[in-house]
Amino acid sequence: MPLSVATWNINSVRLRMPIVERFLVENAPDVLCLQETKCVDDQFPSAAFRKIGYRHLAISGQKGYHGVAIVARRPIEVVERRRFCDKDDCRHISVRVPVGDKSVLLHNFYVPAGGDEPDPEINWKFRHKLDFVAEMNAVRAEHDANSASILVGDLNIAPLEHDVWSHKQLLNVVSHTPVETESFEAMRKAGSWVDLMRHNVPYEQKLYTWWSYRARDWEASGRGRRLDHIWSSENLLPVFSGYDILRDARGWEKPSDHVPVIARFDIG
DNA sequence: ATGGTCGAGGGTCGA
């Protein structure tokens, strides 16, 4: 019986419940990590999740902005709601997922988008994004014989050349600037995380999880970016059995600009 | 060339 973990920036959980339910019914991941829930915990549609079998909830929301949550069909225990950059933004929550006599520590992140101007001197949002990623260096892929770690979320950075539709045209666009991609990869390596979506995938293969709302036709324009990620500790590689990017979800009714990603592990 | 579209909230701001 595998363990499956999904991540999805849904850009308002209340508005998006119809397609979130569709995704859960059709794909039945054990755990779904959500970002940009955009509501306080009292407004989170907990009853609707419980009704379709997702009875275990870990929520960290705030009014109007940001917000993360984890919903699961199996028990989870909240470990931490970590603050970053000395702010009260709800951008992280971690849970422990018992898997037989072992357990997985699961981090769910929503990294700041960073604004439009890629200059930390004149754009405090970009400064905040760089500081946030630097602070993530402390989040390591903890593991031992009985435990492993997974880190997912909207990390708002497309690190590799083929994680964007045009490397050259996006080099000065926030999400793909060298200062971001280099610090991002340094942070990932410092934590000993494995980028599962690129594991055994050809370097030249384009991978996208996000398409802008600002295109007349997202599909025709083809201008995507890989902003959502699934990482794990190295000891999960032997049981990692693959993943899917639910590209079709970008064309559903009232879509998010991000699509879900699901990873599967042959454990539990 | 430098828009374009969403969501929350009700103040435009954040993405």
Side-chain angles (χ1 to χ4, degrees), chain A residues 7-23 33-45 48 59-69 83-92 108-120 122-133 152-159 163-166 168-177 179-181 184 208-229 247-261:
Chain A
T7 181
W8 196 5
N9 177 321
I10 31 79
N11 189 11
S12 172
V13 68
R14 289 174 293 174
L15 191 69
R16 225 62 76 187
M17 266 320 274
I19 61 169
V20 172
E21 290 186 38
R22 173 176 174 183
F23 167 72
C33 297
L34 298 166
Q35 303 89 35
E36 279 207 274
T37 52
K38 290 188 172 179
C39 67
V40 296
D41 296 359
D42 286 348
Q43 296 177 333
F44 192 86
I59 309 167
S60 181
Q62 66 185 87
K63 185 178 179 180
Y65 306 108
H66 323 314
V68 290
R83 295 173 76 257
F84 284 80
C85 302
D86 208 29
K87 289 175 175 286
D88 289 322
D89 292 355
C90 296
R91 296 184 178 276
H92 168 270
N108 178 17
F109 271 97
Y110 176 49
V111 171
D116 289 331
E117 182 57 56
D119 181 347
I122 61 174
N123 174 13
W124 69 267
K125 293 177 194 171
F126 195 67
R127 175 81 268 156
H128 178 217
K129 183 179 195 176
L130 297 178
D131 290 345
F132 193 101
V133 171
V152 308
D154 175 6
L155 306 186
N156 265 319
I157 293 174
D163 291 337
V164 294
W165 63 276
S166 170
K168 282 185 180 175
Q169 286 179 259
L170 289 170
L171 273 172
N172 201 35
V173 173
V174 171
S175 75
H176 194 63
T177 64
V179 65
E180 289 172 273
T181 59
F184 184 87
Y208 308 144
T209 64
W210 174 91
W211 291 263
S212 173
Y213 280 129
R214 298 180 189 180
R216 285 194 195 89
D217 184 333
W218 69 274
E219 198 162 25
S221 79
R223 296 181 173 188
R225 304 179 202 171
R226 184 170 71 113
L227 302 180
D228 303 273
H229 298 269
R247 186 178 182 278
D248 287 354
R250 185 61 181 80
W252 289 355
E253 187 83 8
K254 296 271 289 177
S256 169
D257 45 356
H258 297 253
V259 298
V261 186

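Quick note on labels: first sequence line is chain A, next is B, and so on, each numbered from 1. Every heavy atom of this structure was used, including side-chain atoms; hydrogens, water molecules and symmetry mates were not.
At a threshold of 4.0 Å, the pair A:Arg83-A:Asp88 counts as salt-bridged, since one of the basic side-chain nitrogens sits closer than that to a carboxylate oxygen.
If you take CD of A:Gln43 and P of B:dA8, they are 10 Å apart, rounded to a whole angstrom. As a whole-Å value, the separation of A:Trp210 CH2 from B:dT5 C1' is 11 Å. Regarding A:His128, its NE2 atom lies at a distance of 9 Å from the P atom of B:dA15, rounded to whole Å. As a whole-Å value, the separation of A:Arg223 CZ from B:dT5 P is 15 Å. B:dC6 atom P lies 12 Å from atom CG of A:Leu15, rounded to whole Å. B:dA8 atom C1' lies 15 Å from atom CG of A:Asp257, rounded to whole Å. Taking atom CG on A:Leu155 and atom C1' on B:dA15, their separation rounds to 16 Å, with Å as the unit. A:Gln169 has its CD atom 17 Å from the P atom of B:dG3, to the nearest Å.
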Just distance, no hydrogens or angles: give the donor-acceptor pairs under 3.5 Å from side chains in residues 61-69 of chain A, sequence neighbours left out.
unit_1  : atom_1 : unit_2  : atom_2 : d
A:Gln62 : OE1    : A:Cys90 : N      : 2.7
A:His66 : ND1    : A:Arg91 : NH2    : 3.3
A:His66 : NE2    : A:Arg91 : NH2    : 3.4

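The salt bridge (charged side-chain N to carboxylate O under 4.0 Å, His left out) test applied to A:Asp217 returns no partner, not counting sequence neighbours.
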Restricting both atoms to N or O, compile the protein contacts to nucleotides 10-14 of chain B shorter than 3.5 Å, with distance only.
unit_1 : atom_1 : unit_2   : atom_2 : d
B:dG14 : OP2    : A:Lys125 : NZ     : 3.2

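The P atoms of B:dG9 and B:dA15 are separated by 15 Å, rounded to the nearest whole Å. B:dG14 and B:dG10 have their P atoms separated by 14 Å, given to the nearest Å. B:dG7 and B:dG11: their C1' atoms are spaced 16 Å apart (whole Å).
Heavy atoms of A:Arg14 sit under 4.0 angstrom from primed sugar atoms or phosphate atoms, though from no base atom. Note on A:Lys254: only backbone sugar-phosphate atoms sit closer than 4.0 angstrom, heavy atoms only; bases stay farther off.
Relative to the six-membered ring of A:Trp211, A:Arg223 misses at least one condition, a distance below 6.0 Å or an angle of at most 45° to the axis.
Along DNA chain B, the nucleotide closest to A:Val13 and the one closest to A:Asp116 are compared, and the more 5′ of them pairs with A:Val13. Projected onto DNA chain B by closest heavy-atom contact, A:Glu36 and A:Ser12 fall at different nucleotides, the more 5' of which corresponds to A:Ser12.
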*asked:* Determine whether A:Asn11 and A:Lys38 satisfy the following criterion, side chain to side chain donor-acceptor pair (under 3.5 Å), listing intermediate values before the conclusion.
replied: CA-CA 7 Å; A:Asn11 189 11; A:Lys38 290 188 172 179; 2.9 Å; yes

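Taking the side chain as every heavy atom from C-beta outward, A:Glu117 and A:Phe126 never approach each other to under 4.5 Å.
Between the A:Asn156 side chain and the A:Val111 main chain, a donor and an acceptor come within less than 3.5 Å of each other.
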